[in-house]
*Asks:* 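Let me begin by handing over the structure; questions about it come next.
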Amino acid sequence: MINRVILMGRLVADPELKTTNTGISVTSFRIAVDRNYVKAGEQRQADFFDIVAWRSSAEFVCRNFSKGSLIAVDGQLQSRSYQTKDGQNRTAIEVVADNVSFTGERRDTAGTYGGGYSQAPAPSTRAYGGSQVVPEAPAMPQQPAAYSAGSADDFQAMPLDDDLPF
């Protein structure tokens with residue numbers, strides 16, 4: 001059977017590291033994942049998923065991510081049943097994280113998150129409760145003249161024997 005979930009979204013709250021009675025680190029957090037489509041005249045919708053990370057993954061999440069952080073999660077979907085304090089039976093469906101990763105977005109010195117590695121702050125692209133703003137793609141840098149005007153004479157011919165030059 002195949003049970004694989006891969007998600008990328010933003011944390012809706014700061015994760016909190018907890019420890020079991022046997023000393024194992026665990027954290028539970030929720031991420032918001034934008035849907036790929038928007039119906040005409042409507043705002044972009046998001047789905048919310050509960051994630052559970054154990055041991056070093058839990059410590060990694062709590063050390064490096066906070067509310068609003070973009071995170072990639074690879075894991076398995078699991079369901080569990082429990083009983084509330086008033087005796088009602090409930091079922092929880094969670095993603096148990098096998099791997100959690102950074103997404104290329106980095107935290108600046110003010111503790112906020114930018115949209116990449118540029119110096120200029122990226123405009124918000126989230127549309128929860130507001131209109132979506134799509135940032136303009138950055139201009140591609142011009143290559144130096146030395147690279148754009150190359151010719152076949154710029155390379156040496158390699159001998160055809162079996163000795164590799166490295």
Side-chain angles (χ1 to χ4, degrees), residues 1-39 42-138 140-141 164 166:
M1 301 292 164
I2 298 173
N3 181 356
R4 198 85 204 116
V5 177
I6 302 171
L7 298 168
M8 187 167 66
R10 294 192 180 274
L11 274 74
V12 299
D14 288 337
E16 182 180 333
L17 187 64
K18 296 180 181 178
T19 306
T20 65
N21 294 337
T22 58
I24 298 173
S25 300
V26 62
T27 187
S28 296
F29 55 95
R30 180 172 280 187
I31 63 173
V33 179
D34 284 338
R35 293 186 181 171
N36 289 336
Y37 60 90
V38 179
K39 291 183 181 177
E42 293 186 13
Q43 295 179 3
R44 182 175 301 274
Q45 298 292 312
D47 295 301
F48 295 85
F49 298 98
D50 293 322
I51 314 292
V52 178
W54 293 88
R55 296 177 177 79
S56 61
S57 293
E59 294 166 5
F60 175 77
V61 168
C62 291
R63 186 174 51 248
N64 295 294
F65 295 91
S66 59
K67 180 179 179 178
S69 301
L70 194 60
I71 189 171
V73 177
D74 173 20
Q76 300 176 23
L77 197 60
Q78 287 187 4
S79 63
R80 61 180 172 87
S81 298
Y82 64 96
Q83 196 170 50
T84 62
K85 291 179 182 178
D86 59 351
Q88 293 183 347
N89 292 327
R90 302 282 175 147
T91 300
I93 298 175
E94 305 164 320
V95 175
V96 178
D98 294 328
N99 296 302
V100 290
S101 305
F102 293 109
T103 60
E105 184 180 71
R106 68 178 179 147
R107 190 182 327 200
D108 63 19
T109 56
T112 59
Y113 289 85
Y117 290 98
S118 64
Q119 295 295 331
S124 175
T125 58
R126 281 189 277 166
Y128 309 119
S131 61
Q132 182 178 13
V133 177
V134 178
E136 188 175 314
M140 295 299 290
L164 295 176
F166 47 87

*Asks:* Is the count of non-hydrogen atoms from other residues, nucleotides or ligands lying under 6.0 Å from Asp86 atom CG greater than 12?
*Replies:* yes
*Asks:* Between Ser25 (side chain) and Thr19 (backbone), is there a donor-acceptor pair under 3.5 Å?
*Replies:* no
*Asks:* Taking atom CZ of Arg4 as the centre, report whether more than 12 heavy atoms of other residues, nucleotides or ligands fall under 6.0 Å from it.
*Replies:* yes
*Asks:* Can you find a pair of side-chain heavy atoms, one from Val52 and one from Val26, that are under 4.5 Å apart?
*Replies:* yes
*Asks:* How close do Ala72 and Thr103 get, heavy atom to heavy atom, and via which atoms?
*Replies:* N-CG2, 3.6 Å
*Asks:* Please report the interatomic distance CZ(Phe65) to CD1(Ile31), rounded to the nearest 0.5 Å.
*Replies:* 10.5 Å
*Asks:* Does some side-chain heavy atom of Ile51 sit less than 4.5 Å from a side-chain heavy atom of Leu7?
*Replies:* yes
*Asks:* At what distance, to the nearest 0.5 angstrom, does CD1 of Ile24 lie from OG of Ser56?
*Replies:* 11.5 Å
*Asks:* Which atom pair, heavy atoms only, marks the closest approach of Arg35 to Arg44?
*Replies:* O-NH1, 2.6 Å
*Asks:* To the nearest 0.5 Å, how far apart are CG in Leu11 and CG in Leu70?
*Replies:* 9.5 Å
*Asks:* To the nearest 0.5 Å, what is the distance between CZ on Arg63 and CG on Leu17?
*Replies:* 9.5 Å
*Asks:* So with a 6.0 Å cut-off around OH of Tyr82, is the heavy-atom count from everything else above 12?
*Replies:* yes
*Asks:* Specify the closest pair of heavy atoms between Ser66 and Pro15, including all atoms of both residues, with the distance to one decimal.
*Replies:* CA-CD, 4.1 Å
*Asks:* Indicate yes or no: at least one non-hydrogen side-chain atom of Leu77 is less than 4.5 angstrom from one of Phe49.
*Replies:* no
*Asks:* Could you state the interatomic distance from CG (Asp34) to CE (Met8), rounded to the nearest 0.5 Å?
*Replies:* 9.5 Å
*Asks:* Is a donor on one side and an acceptor on the other found under 3.5 Å between the side chain of Asp14 and the backbone of Lys67?
*Replies:* yes
*Asks:* Look up atom CG in Asp74 and atom OG in Ser101, then write down how far apart they are to the nearest 0.5 Å.
*Replies:* 7.5 Å
*Asks:* Would you say that more than 12 heavy atoms from the other residues, nucleotides or ligands in this model lie under 6.0 Å from the CD of Glu16, or not?
*Replies:* no
*Asks:* Return yes if a side-chain donor-acceptor contact under 3.5 Å exists between Arg90 and Gln88, otherwise no.
*Replies:* yes
